[in-house]
Amino acid sequence: MKAAILIQRWYRRYIARLEMRQRYTWNIFQSIEYAGEQDQLQLSSFFSFMLDNFTQLSGNGPGNKAITDFFPHSRLTNHEQIIVPESYNGPRLTFPLTVSQTDALLTAFKNQQQLHGRFVLQLLQETKKLLRQMPNVVYFSTPYAKEITICGDLHGRLDDLLLIFYKNGLPSAETPYVFNGDFVDRGKKSVEILILLFAYLLLYPDHMHLNRGNHEDHIMNLRYGFTKEVMQKYKTHGRDILKLIQEVFSLLPLATVIDNKVLVVHGGISDVTDLDFLRSIERHKVRTVMAKVCITAAVFKDCNMYFRRTIGIFILSLGSFSGYDTYWLEDNGSCSLVMTESWVSLLQKVVDLLWSDPKSQPGCRPNTFRGGGCYFGPDVTRRLLEKHALSLLIRSHECKREGYELCHDGQVITIFSASNYYEEGSNRGAYIKLGQELVPRFFQYQVSHTTRKLTLMQRVRVGEGSAVRALQEKLFAHRSELMAAFQHYDTSNSGCISVSEWAVVVESVLRMDLPWRTLRPRLARLAPDGMVEYQSCFEDMGPGQPIPQVSPNFAETLYRYRTDLEIIFNIIDKDHSGQISTEEFRQTWRLFSAHLGVEVDNKAIDDLARTMDFNKDGSIDFNEFLEAFRVVHKLDSKDQQEC
C-alpha cells in the first residue's frame with residue numbers, strides 16, 4: 001500500500017511538472033503571437049509616415065515609383081479574356097455552381113491540384129456580387145430538427161477543414177455552417193480554403209455563412225503570408241486576384257445572429273458595441289482596419305499642399321486620433337470633406353468586433369497585449385446580451401489548447417478550429433453544433449502525422465523547444481537594449497546580476513508578461529554564486545550569414561524589424577518577383593530608420609545594399625536578404641552536425 005501511495009504521489013508530481021511546462025510553453029507562443037500583431041498595428045503608423053514623406057521618393061530620378069504604385073487602382077483583367085490551355089486538367093467552373101463542381105474542387109485540392117486563375121477570378125466576381133446583397137449582420141434560424149455547425153479560425157490549414165467536412169458532413173441545406181473568420185494567413189493552403197468556402201457560399205447562400213475576421217485584411221495578409229501565397233501560386237494573375245480578394249473581404253458580414261439568441265462574431269465586443277449601429281454602416285468602405293488609403297495620382301497632385309490632412313489614413317493602433325476635419329479621397333478621384341471623429345468611431349467599433357478578447361475582470365479597457373480592440377469583462381457581455389435579448393456570444397480569435405473555452409459564466413464561448421496552430425501537437429481544433437434548444441455540443445479533433453507516435457513527454461519537449469527558440473530570437477533581437485539595462489544593474493562590471501534583476505530587465509525590455517524566473521534556466525546560465533551571467537542569454541545564437549560590412553547595431557535592428565521590412569518590400573516589389581532595385585532599398589530603409597529613430601548613416605545602408613547585390617545586377621534578392629538576417633541557433637546547428 002505504501003509503495004502504491006509513493007508511486008501515485010510521484011506520478012502526480014510528474015504530471016504536474018509536465019502541465020506547468022505545457023502552460024509556460026503556451027504562454028510563450030501566445031505572447032510572441034500577440035507581440036507580432038502589436039508590431040503589425042504599430043507598423044500602420046509607418047505607412048502614414050512613408051506617405052507623408054513620399055514626395056522625396058516620387059520624383060523623376062532612377063528607381064523611383066509613383067505613389068499609385070503602392071496602392072494601385074488599375075482595372076482588373078476580364079476573366080473572359082484569359083485563355084485556359086488544353087493541358088490544364090483541373091476543375092472547370094461554370095455558374096451557377098453545381099454540387100459536382102464543388103466535389104471536383106475538393107478532389108482536386110486533396111490531390112494537390114490548383115484551380116486555374118481564370119476560374120478563381122470568376123469565382124471571386126460571383127462571390128462579390130452575392131456579398132453585396134448581404135447585410136452587415138446576418139440573421140437566420142436553425143432548420144427544424146437540424147443543427148448548425150460553427151467553426152473558428154482555420155488560418156490556411158486545409159487539412160483541418162477537410163477533416164471537419166469528413167466528420168460533420170459537407171455544407172448543404174441539411175448541414176448548415178457558420179465560419180467565423182480568419183480563413184487565411186499563417187498556413188500554406190489559404191487559397192484553397194477561400195475557394196472552397198466561397199464555392200459553398202455560392203452553392204448554398206442560405207445555409208453557408210461567413211463572418212469577417214481580423215486577418216481578412218490586406219495589410220495583415222502582407223505580413224502573415226497570404227499575399228505571398230497568392231503571388232507564388234498565381235504568378236500571372238496574382239495581382240488581379242489579390243485586388244478582388246481585398247474587395248471581397250470588405251464585403252464579408254461582420255456578425256451572424258442565430259435564432260435571435262446567439263451572436264457569432266470573430267473577436268468580441270466592447271462597452272460601445274451596438275448591433276443596431278452595425279447594421280447601418282457601409283462596411284465595404286472598411287477595406288482595412290489597419291490603415292485606410294484611397295488615393296489617385298490626379299488627386300495626389302491637386303491636394304499635395306494638404307498632404308498630411310488629405311491622405312485619409314486612420315491609424316487604429318495607439319488610439320490617438322485627430323479631431324480635425326479631413327479630406328477623404330474616393331476611388332473615383334473625387335475629394336470630399338468628412339469628420340475624422342465619425343470615421344474613427346465607425347472604424348473603432350469594427351476593430352472591437354474583430355480584435356477584442358474576453359477577460360474575467362469586469363469593465364472594458366484597451367487590449368494592450370494585442371495592440372488593438374479591447375478586453376471586455378462579464379458585465380460588458382451581460383449588458384449587450386440583455387440589450388439585444390440574446391443568450392450567448394460565440395467568438396473565435398484566440399487559440400485554445402482544447403479547441404474551445406467557456407467564460408463569463410458560460411455566456412461567452414471561444415471556438416478555434418486550427419489544430420497544431422503553434423506547433424505539431426500544441427492544440428486541438430474544435431467546432432460547435434447548435435440545435436433548436438441552442439445547447440452547444442463540442443467536437444474536438446487533431447490533424448496529426450507524427451504526434452500519435454510520440455509520448456506525452458516527447459510532445460511537451462517538442463513544443464517547449466520550439467517556444468524557447470522563438471523566445472531566444474526575441475532576446476537576440478533586443479540585445480543592445482538588454483545589455484544596456486543589464487549593465488545598469490551590474491555596477492561592478494562582473495558580468496553577473498541577481499535573478500530578480502535579470503527578470504525585471506527582460507520584462508521591461510520585451511514586455512511579454514511571462515514567468516521569467518521559471519524560464520531563466522532555459523535562457524541564461526547561473527554563476528557558482530547563484531547570480532545570472534547575463535551575456536549567456538545570447539551565446540546560443542548567431543547570424544545565419546555574417547556580413548562584415550554591417551555594424552552590429554545595424555544588424556540587430558534588421559533582425560528585429562525584418563518582418564516589417566518584408567511587408568514594405570512586398571509593397572515596393574510590384575510584381576512580387578522578390579527583386580527590388582538597390583536604390584529602392586536605400587530610400588525605403590532611410591525612411592524606415594527615420595521613422596524608428598534609428599541612427600544609421602548612409603554609408604552603412606549603401607554598404608548593405610551593395611553586399612546584398614550578390615550578382616551585381618543592380619537588384620536585391622529579398623529572399624537572400626531575409627536569409628542573411630536570420631537568427632541561427634548554434635546548439636541546433638551543432639546537433640545537426642553530430643547527427
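Basis for what follows: all heavy atoms, side chains included, without hydrogens, waters or symmetry-related copies.
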Salt-bridge present ([X], [Y]; N to O < 4.0 Å):
| X | Y | answer |
| --- | --- | --- |
| D185 | R223 | no |
| E507 | R517 | no |
| E147 | R441 | yes |
| K128 | E126 | no |
| D409 | R382 | no |

With a 4.5 Å cut-off on side-chain heavy atoms, are [Y] and [X] touching?
| X | Y | result |
| --- | --- | --- |
| T227 | H218 | no |
| L244 | Q125 | yes |
| L97 | L123 | yes |

Okay, side chain of [X], backbone of [Y]: is any donor-acceptor separation there less than 3.5 Å?
| X | Y | value |
| --- | --- | --- |
| S417 | G429 | no |
| S356 | D352 | yes |
| N427 | A418 | yes |
| D259 | T142 | yes |
| T175 | S172 | no |

**Prompt:** Under the 6.0 Å and 45° cation-pi test, does K349 pair with F277?
**Reply:** yes
**Prompt:** Has K359 got its NZ or CZ under 6.0 Å from the middle of the six-membered ring of Y375, at an angle within 45 degrees of the ring axis?
**Reply:** yes
**Request:** Report the C-alpha distance between H207 and Y200 in whole Å, list the side-chain angles of each, state the deciding distance to 0.1 Å, and finish with yes or no for side chain to side chain contact (heavy atoms under 4.5 Å, CB included).
**Result:** CA-CA 9 Å; H207 308 285; Y200 282 112; over 6 Å; no
**Request:** Decide whether D182 and H397 meet the rule of one side-chain donor and one side-chain acceptor closer than 3.5 Å.
**Result:** no
**Asked** Does the side chain of S426 come under 3.5 Å of the side chain of N420 through a donor N or O and an acceptor N or O?
**Response**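 Side chains of S426 and N420: no pair found under 3.5 Å.
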Just how far is it from atom [atom1] of [X] to atom [atom2] of [Y], taken to the nearest 0.5 Å?
| X | Y | atom1 | atom2 | answer |
| --- | --- | --- | --- | --- |
| L124 | L242 | CG | CG | 10.0 Å |
| L201 | M208 | CG | CE | 7.0 Å |
| D153 | N214 | CG | CG | 7.5 Å |

**F416 and its ring-ring contact (aromatic ring centres under 6.0 Å, His included) partner, picked from Y404, Y445, Y422, Y421** = Y421
